[in-house]
Structure formats: C-alpha cells, structure tokens
Number of protein chains: 2
Amino acid sequence: MTRKNADGGRSTIRDVAARAGVSAATVSRVLGGVYPVSATTRTQVLRAVRELDYVADARAKAIAGAGTPTLGFVLDDITGPSFALMAHGVEREATRLGHLCLVCSTDGDAAHEADFIETMRAQRAAAVILVGGGADTPEYRSRTARVADGLAAAGSRLVLCGRPPLDPGAPVTVIEYDNEGGAYALCAHVLSKGHRRILFLGGKPEHTTAQGRERGYLAAHRARGVETDPALRLAGDFTRDSGYRSTRRALEEGLDFTAVMASTDMVAAGALTALREAGVSVPGDVSLVGYDDIPFARDLYPPLTTVRVPYEELGRLAVRTALERGRSAADEHLLLGTHVVVRDSVGAVGGGGVAPAG
Amino acid sequence: MTRKNADGGRSTIRDVAARAGVSAATVSRVLGGVYPVSATTRTQVLRAVRELDYVADARAKAIAGAGTPTLGFVLDDITGPSFALMAHGVEREATRLGHLCLVCSTDGDAAHEADFIETMRAQRAAAVILVGGGADTPEYRSRTARVADGLAAAGSRLVLCGRPPLDPGAPVTVIEYDNEGGAYALCAHVLSKGHRRILFLGGKPEHTTAQGRERGYLAAHRARGVETDPALRLAGDFTRDSGYRSTRRALEEGLDFTAVMASTDMVAAGALTALREAGVSVPGDVSLVGYDDIPFARDLYPPLTTVRVPYEELGRLAVRTALERGRSAADEHLLLGTHVVVRDSVGAVGGGGVAPAG
DNA sequence: GTGAAAGCGCTAACAC
DNA sequence: GTGTTAGCGCTTTCAC
C-alpha cells in the first residue's frame, strides 16, 4: 500500500522533489508537461508522484498563475426540468472547455444569489451565468449593473440568461429565448382551432418570462381581432402546484373557457390533473398547451402541445459566449428562437368547454 | 463610479492597505472579523474596501489556511428528476454548512468521473459524494477503494450514495436506500390485486440499483408462491425512451402480461405512452407501477403508483454524514427506507391483459 | 493595536 | 537540463 509522508497529510511538491532527488521546480516542470526534462529525471519524478499519490493543489496553482479557470452558474431551482437541462448544457460545455463549474440553486432567494455571486468573485471565476426570469425593477437593474461592473472590473463577466436585460452599456452578455414569439405562435395555433376563450395561467406578474409569454398571448388575440377577457388571465408561479390550484379555482368559479394556455409545461401538468379530476376531458372539452417542451411533455395524456425552448443549447451557448468572447467589453445580446411542437392536447372548438355558453 | 486600481485588474489586500494607510495584516484582521482592531482603523479599512470594491481571493485564503471548504458532488445525469432532487438536497445542505459545492454530471462516463474526482482532490475537497448505481465489478471495487484511500489519506472522504458498497474496511461512507425492500412491497401490492404475469422493465443487468429492484420483484413472487417467467424480465436503462421501446417490443412480440413494473418512473412514463399508443388501457387492461416517486408521477394518467425514495433528504444526509462525521476513519453504512405510494395505475386483474390467455 | 516577516504550495523568470 | 530565487495573495506568528 502506498502511504503518504509521515504526518498523514497530503504531500507537497517538495515531498515529491525530495523523494525524487530533484528540485521542486523540476517536479513542476515534468508535471507541467511541455518543458524539456531529461528522460531519467522524468521517470524518477513520476515514480515519486505515484508512490506518494501526489496531486497538486489546484488553489496554489491558481494563485501562482496556472490553474483551471472556473465558472459559476446560478439558477432558481435545479429541480425544475428546464433549468436542469440548461445546467446540463452549461456543465458539459464548461468541462469541454476545460473549466470547472460551480452550480448554485438559490430557491429564488435574492440574498442567497448575492452571496453566491460574491463567492464566485472570490474564486476569480471567469464568468458567472445567471438564469431564470425575475422582476425587472429599478432595484434589479441597478443592483445587477453593479454586479456586472464589479465582475467586469475584476476581469470576469456576467451572463444573463432568460433574464431581464440591463440598460445598454452595462458590461453583460444577455442571451434570451423568444418568450413572446413562442407564445404568440402557440396562441395563434389555439385560436386557429376556433377557441375564443383561452384561460392564461401566468406566472408572477413581475416575472419577465411570464410577462413575455403573456404578451404573446395578448398579441395573438389582437392579431386575430379577438378580444381578451382580463378575468381569464390568472397569476401564479411556474410550479406544477400553481397550475393545479389555479385551474381548480377557475373551475370552481365557473369561469368560461374552452382552452388553457399554461405558461410552463409544469403548470400545464398541474392544470391537466385538475381538469381530469373535475371530469373535464382534454382536449374533448378543453384544450391545453404548455411551454418549454420538457421531456415529460410527450408522456402526459394527451401528449402536450407546447413550445420548444432549446435549453441545453442555451446553456452551452451561454458558456461559449462568456468564455470565447473577444476581449471587447461591449455588451452582447442574443435572442434564440423557439417553435411550437404540436401534439394532441389541442382540439377544435365545439366539444363544449367547461361552462354553459354565456 | 468606484474604480479599481490603475491597471484595471482586481485589487489586492495591499491595495486596500495602502489606501487605508495601514498594513496588509491589519486589513486581514478587520476582514477576519474577530481580532481586536481600533474603531477608527476598522472604519478606514472598510471604506477602502468599499471604494476599491475589494473581494479577497478565496484561493489565496484557502492556501493560507483560512478559506471555505469545498465539497464535490458527482452524478450520472443532472437531467434525471430523481438525481436533480438529490443535487438540490446536497447543494442546500452544503451551503447551509458553509461549504462550496462543485457539481459534475458525468453522463455515465467513467473517465469523466475519474477526472472529476481527481479535480476534487486537487481542490482539497472536504468530501466527494458519488451517486447513482453502477456495475459492482471487481474493477469497480478496487478502483473505488483506491480512490477512497487516496481521498482519506488526503484528509478527505468518499461518500457512496445508492452505489455498490465496497469491501469492509474501505474508508467510505455509504448511504443506500432500500431498492429491494421497496420493490418487494410494490410488487406484493401488484400481486395482491391478482396479477400473475408482471412484465419487469429493468435496467442494465450489471447496474446494482436495477438488480436490487429486480430482486425485490423476484422475492415478492417467491413469497406468494407464484412462479416468474424469465421472458417477462427485460433489460434496458433508466430512461423514458428505454421504457417506451421495451414496452413496444413486448407488445409486438405478443408477450402475455397483465401488469408492468418499471424500474423507474421515467421508464414507466415511456411504458405508459407505448401502452397508450397501442390502445391498451391502464389500468383497465394492464396495470403499471414505477419507482422513485418523482414529482411528475402524479400528473401522469393514470396517476402512477410508485415507491417513494427520499432523494432530497438523501442528499442532505450525505452531506451531513460526510462533513460532521466524527474523526473516526471507520466506515459507516446507512440504509434509508422507502415506501410505496398508491395511486391509480393498478387495477384488479380481470380486465384482461394484452394477450389472449395462454 | 499594529507592523514586519515568514510561510501556505505552487510557477516562472533567471542563472549556470 | 536543472537548481535558485522570487513572487502569487493571503494569514499568522512574533515583536513592539
């Protein structure tokens, strides 16, 4: 059994050097790879490394100038399928590019988020990626701009993913996907089937992602010249439970609608269960659509018509953009397209809806 | 606007010291918190820190002896709902305990996993947590034991979560949940409804989690004195697609069964869709059960009867055990219980099954 | 209470 | 080729 040096602690480069009968610098060189070293020395050093089971301290390397660059990734909730997908993309791309990736899920807690960003700064992260909508308040803008400045001044970079963009000039990279466009197309599809009273299950009113999707809903109606009923737009959040509760309440209150457009597939899942429990058939009585196209969407019954968002791709892109961006401090802004994927949860109107017409 | 020191780079403790007109040691002390410093000095230092927007380099701190401890978390696929849940638990508990958490998803690639563990060692992580089953081969045991030794020698610790345990004596903490027991109870439930030909959708044959669940399936049959048909046990993996494909094939081949027991909720989701596409009603014609109780399970139609595994709790526990363990190098072994949650996907036999009775 | 100096584990000139 | 000497940015004796 290979044992460590006497004190049982980790061994240092000097221990290796001593055992191999060379200087620390030499050890560093053979481990470094490219520097010319004589074959015999190299062999000896390598043997010592093996015998001591030596692994260089990454922090020390980092501080000395070498070292693996790091990257921070912050999301609301790693448990949400769409963000998990993104996390996957981020993680893959980061390691592909030789970066370490620190992940933090904040549970929507702003303080936690701030803490983590600070930590990333302390780690001298090459970039920190923030994902997930949020409120676009003046406080948000100034706070985030400050963060962006701080990061930029430290040679790092802030990437906003699906988040409210900042005022022009702020040193951030923002990558968005088209919430309004996707929702517009989706809603147009539903309208084209003859639906005129579409229940919209939104998110938190101040949440920009939710807003974008709602704008799409509204715009599609406007384009078709059909009026929207404010009573049909319900706030909530992006969870399954929110969809369930809102739908239940809508049903109990006797709201009149023939379709529901959920702001998220998770919300749609909850809505579907609520509908089913109430004996409402989908899409027979009521049609249903979601947003995100999470893997599960097609296993729902009926398979859910929804909007595909390229989350994993988004994650990869965020990393690549943040890391490979030219040295320009200019802010960049990317908008990824989305498209609706039609499955079986939308039917032509006529089946009835849930309430007696007018 | 607060600007950095001249070169635009990050400022160091010396920059702060200079600006505050004190020594670096003093800055370190006021930032450290507890050391006695005069009120005026403290104020000045703090002001300098603010003006310079100074954030101490975590790597340098770490190397100097202070610094935030780190913890590594490795999983197959962060996209899988159950592991995402665990990741959440791990992440929460780690930050609660003041640890940084590095997450890596390996996509089942052993080399990637080895790399990451090496990285964690280089980061001098306090512990590394490995989750997800795998093959319990001699190679696995010796390789992992070596890793455990290396980590232990470096003052760190390996935690195996739902992974094949090592030979006794290896310095690891293993936390398992009861696959066999859960599967046994679940299968017993299905059998109690009169089912006698239950299709088992397993995982990779060498995968210990899959094996445990299969053992439970077998044991439940044995306990009831019902014979099992090997043709009814299909291998696959833990994905939704695998469940879909296997079920489809079983149907095409005219396999005779009245229930399907999927080794995972994801697999069950795929199976459900395949069944539905074939016009087989669940649970009318065929009953279906899963394993994991992922959040989505109840939004499937019919709501899925499954086994609840406390994944998030598991993650928290892994962190706590790894970090708060006494200084004893003894190996620990925890086994978490599971329980079946009955929903509506199992019916009494009689509806028929999918093939003409023998 | 505060500063000077040593040192954490490593890399990178700069000699020879 | 290889060793010596400086650092990297921080903390922590040890003096004063």
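Residue numbers start from 1 in every chain, and the chains themselves are labelled A, B, ... in the order their sequence lines are given, proteins ahead of strands.
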Anything under 3.5 Å between a protein N or O and an N or O of nucleotides 1-5 of chain C, put it in a table, one pair a line.
residue, atom, partner, partner atom, Å
C/dT2, OP1, B/S38, OG, 3.1
C/dT2, OP1, B/T41, OG1, 2.3
C/dT2, OP2, B/S38, N, 2.9
C/dT2, OP2, B/T41, OG1, 3.3
C/dT2, O4, B/Y35, OH, 3.4
C/dG3, OP2, B/S23, N, 2.9
C/dG3, OP2, B/S23, OG, 3.0
C/dG3, OP2, B/T26, OG1, 2.5
C/dG3, N7, B/R29, NH2, 2.5
C/dG3, O6, B/R29, NH1, 3.2
C/dG3, O6, B/R29, NH2, 3.2

Touch class at under 4.0 angstrom, heavy-atom based, for A/R14 against every strand present: base

Touch class at under 4.0 angstrom, heavy-atom based, for A/A62 against every strand present: nothing

Are side-chain heavy atoms of [X] and [Y] found at a separation under 4.5 Å?
X	Y	value
B/M86	B/F73	yes
A/T173	A/L158	no
A/D107	A/H112	no
B/E51	B/V16	no

Quick one: [X] [atom1] to [N] [atom2], roughly how many Å, whole number?
X	N	atom1	atom2	answer
B/Q123	C/dC8	CD	C1'	16 Å
B/D57	C/dC10	CG	P	16 Å
B/R124	C/dC8	CZ	C1'	12 Å

B/T43 and B/T40: CA distance, side-chain angles, deciding distance, side-chain hydrogen bond (donor to acceptor under 3.5 Å, both in side chains) verdict: CA-CA 5 Å; B/T43 317; B/T40 51; over 6 Å; no

Looking at [X] and [Y], what are the two nearest heavy atoms and their distance?
X	Y	value
A/H333	A/E176	CE1-OE1, 2.9 Å
A/A84	B/T79	O-OG1, 4.1 Å
B/A17	B/V27	CA-CG2, 3.6 Å
B/E91	A/C104	OE2-CA, 3.6 Å

For DNA chain C, the residues among residues 64-72 of chain B that have a non-hydrogen atom under 4.0 Å from it: B/A64

Pair A/R124-A/T70, side-chain donor/acceptor within less than 3.5 Å: no

C/dT11 phosphate, OP1 or OP2, under 4.0 Å from A/S28 side-chain N/O: yes

Contacts of A/Y311 that satisfy ring pair (Phe, Tyr, Trp, His ring centres under 6.0 Å) - sequence neighbours left out: A/Y177

Relative orientation of the end axes in the helix from C/dG1-D/dC16 to C/dC16-D/dG1, expressed as an angle to the nearest 10° (five pairs per end): 40°

Qualifying salt bridge (Lys or Arg N to Asp or Glu O under 4.0 Å) pairs, either residue in residues 93-103 of chain B, two or more places apart: B/E93-B/R96, B/E93-B/R320

Interface limits on DNA chain D, where chain A has a heavy atom under 4.0 Å of a nucleotide atom: D/dG1 to D/dG9

Worked verdict on B/S156 versus B/R121 for side-chain hydrogen bond (donor to acceptor under 3.5 Å, both in side chains): CA-CA 8 Å; B/S156 178; B/R121 205 125 101 70; over 6 Å; no

